[in-house]
Amino acid sequence: MVKTPEELELMRVSGRLLASVFEMLDTVDLAGMSTMQINDLVERFIRDDCAARPASKGQYGYEYVLNCSINEVVCHGVPSDEAIVRDGDIINLDITLEKNGFIADSSKTYLVGDVSPQGRRIARVAQEAMWAGIRAVRPGAHLGDVGHAIEKHAKKNNCTVVREYCGHGIGREMHEEPQVLNHGRPGRGLRLREGMTFTIEPMVNLGRAATVTLDDGWTVVTRDAKLSAQFEHTVAVTADGVEVLTLRKGETMRL
């Protein structure tokens with residue numbers, strides 16, 4: 001669970017490379033693209049520009065380099081030639097990257113074109129909830145503090161947090177201990193120590209928290225068909241707080 005200084009430096013490299021993938025996507029007009037085209041674009045960038053490996057491809061039998069979750073899709077949306085991103089959509093792109101044996105994981109919900117006020121609100125609340133969780137990270141804090149901060153912010157904005165899926169430890173493996181729940185009680189759960197690395201990735205719904213998995217065995221949607229959004233960063237516990245390993249250029253630290 002606890003990384004050495006040398007391992008942390010390698011994780012910083014992976015994190016910076018993954019941040020560059022999102023910086024590239026920030027320049028792309030997603031409207032009119034199929035989610036498979038986005039997948040292929042990201043794969044080329046990771047392999048050719050980053051000289052890295054897309055860590056999701058082949059993990060658990062998954063064939064693609066990212067998850068693309070549009071509107072009411074909560075997570076694990078599967079790329080498809082038939083799924084076209086439309087003006088007004090919100091789409092979460094969840095991407096992993098491995099370099100030098102260490103993995104980084106991050107996601108961002110993109111607002112495509114003229115997005116409804118509801119779409120903008122759920123994306124804003126999800127991003128703010130992620131940062132609320134990140135702000136709770138420091139040595140001596142508990143994972144319950146992180147989850148509590150996330151859910152408290154969502155509830156304050158009349159949104160709900162998905163409970164079936166959560167953040168996780170990360171390093172040489174994509175999913176390591178501990179689980180990082182998006183709900184919790186202050187002062188409860190694992191005590192955080194310097195050198196721990198994990199993801200914080202709240203999935204926030206505009207309606208009820210309940211979800212259902214579609215017949216493809218991957219795609220998770222809101223049971224009430226209302227919008228969902230997610231943001232994710234890989235973080236490290238430092239001597240006096242937290243370091244966001246996947247922070248993108250131009251992205252403001254909200255600590």
Side-chain angles (χ1 to χ4, degrees), residues 1-23 55 92 94-100 102-109 124-154 156 161 165-204 229-255:
M1 254 187 275
V2 176
K3 307 301 188 291
T4 67
E6 294 77 16
E7 289 173 329
L8 273 176
E9 187 53 42
L10 290 174
M11 290 202 65
R12 289 187 183 99
V13 172
S14 297
R16 285 195 294 268
L17 288 173
L18 183 53
S20 76
V21 178
F22 286 94
E23 290 159 10
N92 177 268
D94 190 346
I95 306 169
T96 61
L97 177 151
E98 181 265 323
K99 180 75 172 180
N100 299 321
F102 285 88
I103 297 173
D105 189 358
S106 187
S107 83
K108 176 178 178 178
T109 294
R124 173 183 58 80
V125 173
Q127 187 175 38
E128 291 170 348
M130 176 192 69
W131 282 108
I134 292 173
R135 284 194 296 271
V137 175
R138 62 186 182 279
H142 295 261
L143 282 180
D145 302 330
V146 176
H148 175 75
I150 289 169
E151 187 170 46
K152 180 180 178 182
H153 186 79
K156 183 176 75 173
V161 169
Y165 305 94
C166 62
H168 49 86
I170 190 169
R172 291 188 181 274
E173 301 294 334
M174 186 188 306
H175 295 113
E176 299 180 352
E177 293 297 328
Q179 287 192 328
V180 183
L181 302 180
N182 295 313
H183 57 92
R185 296 174 60 186
R188 304 294 291 271
L190 181 72
R191 185 183 294 271
L192 302 183
R193 295 171 53 195
E194 181 182 359
M196 287 182 175
T197 55
F198 49 85
T199 70
I200 294 178
E201 48 179 303
M203 302 164 202
V204 181
Q230 178 190 8
F231 283 82
E232 174 186 11
H233 272 311
T234 297
V235 305
V237 183
T238 64
D240 57 359
V242 62
E243 178 181 357
V244 181
L245 302 178
T246 47
L247 192 73
R248 299 177 289 277
K249 291 178 183 176
E251 186 179 17
T252 303
M253 291 277 288
R254 304 185 188 185
L255 302 181

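When a residue number appears, it is its place in the shown sequence, counting from 1. All values reported here derive from a predicted model rather than from experimental measurement.
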(request) Give a yes or no on whether a salt bridge exists between K156 and E128, defined as a side-chain N under 4.0 angstrom from a carboxylate O. (result)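 E128 and K156: not salt-bridged.
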State, to 0.1 Å, how close [X] and [Y] come at their nearest heavy-atom pair, and which atoms those are.
| X | Y | answer |
| --- | --- | --- |
| V2 | M196 | CG2-CG, 4.1 Å |
| R135 | R254 | NH1-O, 2.8 Å |
| E201 | N182 | O-ND2, 3.5 Å |
| A132 | A149 | O-CB, 3.5 Å |
| K3 | E7 | CA-OE1, 3.3 Å |
| A154 | V204 | CB-CG1, 4.2 Å |

(request) Can you sort out the partners of H233 under ring pair (Phe, Tyr, Trp, His ring centres under 6.0 Å), two or more places apart, ordered by chain and number? (result)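 Ring pair (Phe, Tyr, Trp, His ring centres under 6.0 Å) list for H233, sorted by chain: W131.
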(message) Which residues pass the ring pair (Phe, Tyr, Trp, His ring centres under 6.0 Å) test with Y165, not counting sequence neighbours?
(response)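 Scan of Y165 (ring pair (Phe, Tyr, Trp, His ring centres under 6.0 Å), adjacent residues dropped) gives H76.
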[atom1]-[atom2] distance between [X] and [Y], expressed to the nearest 0.5 angstrom:
| X | Y | atom1 | atom2 | result |
| --- | --- | --- | --- | --- |
| L97 | T234 | CG | OG1 | 10.5 Å |
| I134 | T199 | CD1 | OG1 | 10.0 Å |
| S107 | M130 | OG | CE | 8.0 Å |
| T246 | L17 | OG1 | CG | 12.0 Å |
| L8 | E194 | CG | CD | 8.5 Å |

4.5 Å side-chain heavy-atom contact, [X] and [Y]:
| X | Y | result |
| --- | --- | --- |
| E177 | L190 | no |
| I200 | I150 | yes |
| D94 | D105 | yes |
| H153 | V125 | yes |
| V180 | L143 | yes |

Between [X] (side chain) and [Y] (backbone), is there a donor-acceptor pair under 3.5 Å?
| X | Y | result |
| --- | --- | --- |
| T109 | Q230 | yes |
| T197 | I170 | yes |
| R138 | D240 | no |

(message) Enumerate the ring pair (Phe, Tyr, Trp, His ring centres under 6.0 Å) contacts for residues 172-198, please, sequence neighbours excluded, ordered by first and then second residue.
(response)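 Residue pairs passing ring pair (Phe, Tyr, Trp, His ring centres under 6.0 Å), neighbours aside: Y60-H175, H168-H175.
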(request) Mind checking salt bridge (Lys or Arg N to Asp or Glu O under 4.0 Å) for K99 and listing every partner two or more places apart, or none if nothing turns up? (result)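 K99 satisfies salt bridge (Lys or Arg N to Asp or Glu O under 4.0 Å) with no residue once adjacent residues are dropped.
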(message) List the residues meeting salt bridge (Lys or Arg N to Asp or Glu O under 4.0 Å) with E151, not counting sequence neighbours, and say none if there are none.
(response)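 R163.
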(request) For residues 10-23, pull every pair meeting side-chain hydrogen bond (donor to acceptor under 3.5 Å, both in side chains), keeping only residues two or more places apart or in separate chains. (result)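 For residues 10-23: E9-R12, R12-E243.
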(request) Let me know which of H148, K152, H142 forms a side-chain contact (heavy atoms from CB on, under 4.5 Å) with P186. (result)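 That would be H148.
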